[in-house]
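Working notes, beginning with the structure itself.
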Amino acid sequence: MEKKFDEIVNHLITSGFVYPNSEIYGGLSNSWDYGPLGVELKNNIKKAYWKKFVQESPTNVGIDAAILMNPGVWKATGHVATFSDPLIDCKSCHARHRADNLIEEQFPDVDVHGMTQEQMMEFIRDNKVKCPVCGKSDFTDIRQFNMMFRTHIGVTEASESLVYLRPETAQGMFVNFKNVQRSSRKKIPFGICAIGKSFRNEITPGNFIFRVREFEQMECEFFCKPGTDLEWFKYWKDYSLKFLESLGIGEKNLRYRDHEPEELAFYSKGTCDVEYLFPGIGWGEILGVADRTDYDLKRHMDASKQSLEYLDPETNEKYIPYCIEPSMGVDRIFLMVACEAYDVEQLENDSRIVMHFAPKLAPYLATVLPLSKEQREFARELQLDLVKHFSVSYDETASIGKRYRRQDAIGTPFCITVDFDTPNDKSVTIRNRDTMEQIRLPISEVRAYLEKQLEE
RNA sequence: GCACCGAUAGUUCAGUGGUAGAACAUCAGCUUCCCAAGCUGACUAUGCGGGUUCGAUUCCCGUUCGGUGCUCCA
């Protein structure tokens, strides 16, 4: 059955995965909260990332850097200057344009990049640059849209205390390059990973949690010797794609997309996205692997006057490492996993929603259900025993069939039923959501069984 | 940011310038017990703020949120 994006969103909102932010006050645009099920799923995604990129990687280590950083960081990287667009509106038809693009398109010989905002405005006025939509030349002033959120340290709002909410976690890794290298005694090549919130004042957010202003990133800055960057680029590209596949995403719904030279970010020599085919929306970026070269470390060296060079102990060579960055959005992976898992099963007279999460991602790995309330004690005891090791819920209301369906709708892979025989044979029935198979297992073996399912 | 469209229980949908209905869901009781059974009952809604009016959920204005298109996407 064809999946509909709106229905998936609706299911996520009504069943406790995601809520509209500050809803009782009318909400805050493009802000979402994660509910009881959502936070479990999200944590499981992050756990899977950490396992794959840090714990199972012989080269990588992790850090957790602060959201607020010395503003010098963002001046050095070019984010303060470049991370903003000079936008201009046509007074006649209200179309919005980028001032630099307008000039570039109509006067290809002019070097817009060297122009200040005032110079661009002057140029547009003097040369009667036209609005490509209506052809008139009547524009508002240029307004800078800096995408970095600002706040202040201290109680006074003096400009000296201006700080930014980080627009990417990456810089926490770059500025800690030396600390990590020294304290962990890592040799090039090695990587630093982090999971954390980033903030961007997007002009046009939308599509549920796909593009939001506050989001969570999982990034890795992998440092290698200049000249080896291309092969590492390919390595992390493949590694990242395999990671997504390990979350249960079908191969046919994933693809690589190389960035064209003109769409490359200001720091990047080459970028390749991995995209997912969202139902009803189309291909959307899930992660990007970028060759950031030595751009960041070099900028930080220049600005901080600190050496971030690496001394190769074998060759006694000194160099600034190149950096390959696989970067992905937790919220986008969340949405992708939910879309992939969502399924509407047609039955004879009605239908039911089934979320086919991989066991390691499911909000609840299992639930314990007493067949009738007579088995309540046994069932509770088993559940309390299992929650020491897994996320396991309990439900005793309504018929057993209805309870199975509830668990299907939130993607619980295993239902453990305590029945009339359990007190005698000390066994329970485990139902598999995907195969619908039921097996009878002694209570003492349930834990090992679930353990095994998690590994697969 | 601009233009257009929309907003009624948790969900899907009725309806009305004069007491807002249903189904499903949820909860409780009875009953049954391995895939949404049944019966009885309970809970819950006109996004927010103004205006017109004797009276507005309904008409008008603003706003918020969402959707679509444009623009943008480091």
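Letters A, B, ... are given to chains in the order of the sequence lines, protein chains preceding strands, and every chain is numbered from 1.
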Across all strands shown, which nucleotide pairs with [N] by Watson-Crick or G-U wobble geometry, both distances under 3.5 Å?
N     : answer
B:U53 : none
B:C39 : B:G29
B:U63 : B:G47
B:G10 : B:C24
B:U16 : none
B:G1  : B:C70

Ignoring hydrogens and geometry beyond distance, is the side chain of A:R431 in donor-acceptor contact with the base of B:C34 at under 3.5 Å?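 Such a pair does not exist between side chain and base.
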Would you state whether a donor and an acceptor, one from the side chain of A:Y404 and one from the base of B:C34, lie under 3.5 Å apart?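 Side chain to base: pair present.
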Checking all strands, does [X] fall into the base, sugar-phosphate, or nothing category for heavy-atom contacts under 4.0 angstrom?
X      : result
A:N21  : nothing
A:R403 : nothing
A:Q438 : base
A:T14  : sugar-phosphate
A:D6   : nothing
A:F208 : sugar-phosphate

d([atom1], [X]; [atom2], [N]) in whole Å:
X      : N     : atom1 : atom2 : result
A:F210 : B:G67 : CZ    : P     : 14 Å
A:E7   : B:G67 : CD    : P     : 16 Å
A:L28  : B:C48 : CG    : C1'   : 15 Å
A:N432 : B:C35 : CG    : P     : 17 Å
A:R433 : B:C34 : CZ    : C1'   : 18 Å
A:L347 : B:C35 : CG    : C1'   : 10 Å
A:I410 : B:U11 : CD1   : C1'   : 17 Å
A:Y19  : B:G10 : OH    : C1'   : 11 Å

Using the benzene-type ring in the case of Trp, are the ring centres of [X] and [Y] under 6.0 Å apart?
X      : Y      : value
A:Y34  : A:Y19  : no
A:Y239 : A:F243 : no
A:Y276 : A:F278 : yes

With [atom1] as the reference atom in both, quote the distance from [N] to [M] in angstrom, rounded to an integer.
N     : M     : atom1 : answer
B:U58 : B:G49 : P     : 12 Å
B:C30 : B:A45 : C1'   : 30 Å
B:G29 : B:A22 : C1'   : 24 Å
B:G55 : B:U19 : C1'   : 13 Å
B:G21 : B:U63 : P     : 34 Å
B:C54 : B:C61 : C1'   : 22 Å
B:C48 : B:U57 : P     : 10 Å
B:G6  : B:G62 : P     : 14 Å

Which residue lies more 5' along RNA chain B, comparing A:Y25 with A:I353 via nearest heavy atoms: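 On the 5' side of the pair lies A:I353.
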Closest-nucleotide 5' rank along RNA chain B - winner of A:G26 and A:N207: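 Of the two residues, A:G26 wins.
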Side chains of A:E340 and A:N253: does their closest heavy-atom pair fall under 4.5 Å?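 Answer yes - side chains close enough.
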Is there a side-chain polar atom (N or O) of [X] under 4.0 Å from OP1 or OP2 of [N]?
X      : N     : answer
A:N30  : B:C65 : no
A:T397 : B:U26 : no
A:S399 : B:A37 : yes
A:K402 : B:U26 : yes
A:R406 : B:U26 : yes

For residues A:L162 and A:P71, report the shortest heavy-atom separation together with the two atoms involved.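 For A:L162 and A:P71, the tightest heavy-atom pair comes out as O-CG, 3.2 Å.
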Indicate the atoms forming the closest heavy-atom contact of A:C220 with A:M173, along with that distance.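 That would be N-CE, 4.3 Å.
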Electrostatic pair A:E7:A:K3 at N-O distance under 4.0 angstrom: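 No salt bridge links A:E7 with A:K3.
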Assess whether a salt bridge exists between A:D273 and A:R257, defined as any Lys/Arg side-chain N lying under 4.0 Å from an Asp/Glu carboxylate O.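 Here A:D273 pairs with A:R257 in a salt bridge, since their nearest N and O are under 4.0 Å apart.
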Choosing from B:C34, B:C33, B:G66, which nucleotide comes nearest the side chain of A:F420?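 Taking heavy atoms from C-beta onward, the closest nucleotide is B:C33.
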A:R352 side-chain proximity, nearest of B:G66, B:C35, B:C34: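 Looking only at side-chain atoms, A:R352 lies closest to B:C35.
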